[in-house]
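Below: the structure, in structure tokens.
Basis for what follows: all heavy atoms, side chains included, without hydrogens, waters or symmetry-related copies. Counting convention: from 1, in listed order, for ligands and their atoms alike.
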Amino acid sequence: MLADVIDLLACPHCGSGLDLDENVVMCDRGHSFDVARQGYVSLLAGGSTPFTGDTAEMIAARADFLDAGYYDPIRRAVAEACADTAADPAARILEVGAGTGRYLAAVLDALPSARGIGLDVSKPAVRRIARSHPRTGAILADAWQRLPVRSASLTHVLSVFAPRNAAESHRVLAPGGVLLVATPTPEHLRELVSLPGMVSVDDRKTERLSSALSGRFERADRTDVRFTAALPRDALGLVAGMGPSAHHMTSEQRAQLLATLPDPFEVTVSVTVTSWTRVAGTGELSAP
Ligand SMILES: C[S@@+](CC[C@H](N)C(=O)[O-])C[C@H]1O[C@@H](n2cnc3c(N)ncnc32)[C@H](O)[C@@H]1O
Ligand SMILES: [Zn+2]
């Protein structure tokens, strides 16, 4: 619920702290934001963004696929990495690009005194995030703009297959805070992404991640999650429909392509979960 995390949020216009009164979020200077009937609040800096995030269909496919349990080992690795680095049991966690909110929910289940902010730029996503866990508050915001979160207020920032803004993650984390990043390796779903028309992951992501974080974070730990899964046709349809290929192919085109494959179809799941500790340095002086 928003009320659980309101003290961690900041006004996107002036940076002041926020209060929640009934269905309105307000700052000291009188900027106000209506809470949507689905329970999230839009805190977009400047009121707009060029990004729309994942579509309702992609978010629904992702929710169904995650509920079917195929990615549970990833969810466990993220929850364990978070619990292992939570010096303070009352952890304050932001998931950027939270999608369905299911990774954040797994983390909150592992840490019963923790609370979480699920941030996404997609409206269908924040609607789901708002009901994903009782200790999660959902906000609509753009990960590439200044985050509507108070400086040095958090113990963890999570990014699971999602954008990450190194400077802003550094600003919102308290000293010693942890940035947890789950990224696909070049092997991830390789059997699927090598099919004509499907989009592959960028295999230089890990390298780029290290250079973006260097100076602000030190790598603390790394877990490789790698396994094969025999996906029945419906699960294969969901995984194809929730990923980047969904932006490039219609559902009919995907169904035609998948119909040519064996049922079940075996895919490789390969994801790296890294934890980075915030270090004092770049950005420290610019944090208000
Ligand atoms: C691949 S999905 C991952 C969702 C979730 N973390 C998961 O693994 O199930 C990426 C998410 O990032 C969101 N997203 C994309 N661009 C964004 C931006 N600029 N700001 C915030 N969220 C963004 C999308 O809407 C989507 O929900
Ligand atoms: Zn304000």
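- Residues satisfying the salt bridge (charged side-chain N to carboxylate O under 4.0 Å, His left out) test with D72, not counting sequence neighbours, are R75.
- Sorted by chain and number, the protein atoms of type N, O or S within less than 2.8 Å of the Zn ion (ligand 2) are C11 SG, C14 SG, C27 SG, H31 ND1.
- Between L261 and L195 there is a side-chain heavy-atom pair separated by less than 4.5 Å.
- Under the side-chain hydrogen bond (donor to acceptor under 3.5 Å, both in side chains) criterion, no residue pair touches residues 18-31, with sequence neighbours excluded.
- Ionic pairing of R115 and D7 is present here: one or more N-O contacts between side-chain nitrogen and carboxylate oxygen are shorter than 4.0 angstrom.
- Side-chain N or O atoms of R146 include none that pairs as donor or acceptor with a backbone N or O of E168 at under 3.5 Å.
- Side-chain N/O atoms of R128 and T100 include no donor and acceptor closer than 3.5 Å.
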For ligand 1, which of its N or O atoms have a protein N or O partner closer than 3.5 Å, and how long is each gap?
from	atom 1	to	atom 2	distance (Å)
ligand 1	6 (N)	E95	OE2	3.2
ligand 1	6 (N)	G97	O	2.9
ligand 1	6 (N)	V160	O	2.8
ligand 1	8 (O)	V160	O	3.4
ligand 1	9 (O)	R62	NH1	3.3
ligand 1	19 (N)	D142	OD1	2.8
ligand 1	20 (N)	A143	N	2.8
ligand 1	22 (N)	V121	N	3.3
ligand 1	25 (O)	D54	N	2.9
ligand 1	25 (O)	D120	OD1	2.7
ligand 1	27 (O)	D120	OD2	2.7

- Show your reasoning for whether salt bridge (charged side-chain N to carboxylate O under 4.0 Å, His left out) applies to D224 and R222. CA-CA 7 Å; D224 293 314; R222 171 187 169 137; 3.2 Å; yes
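- Here the closest heavy-atom approach between residue M249 and residue L257 is recorded as CE-CD2, 3.9 Å.
- Using a 4.5 Å heavy-atom cutoff, the side chains of H188 and V271 are in contact.
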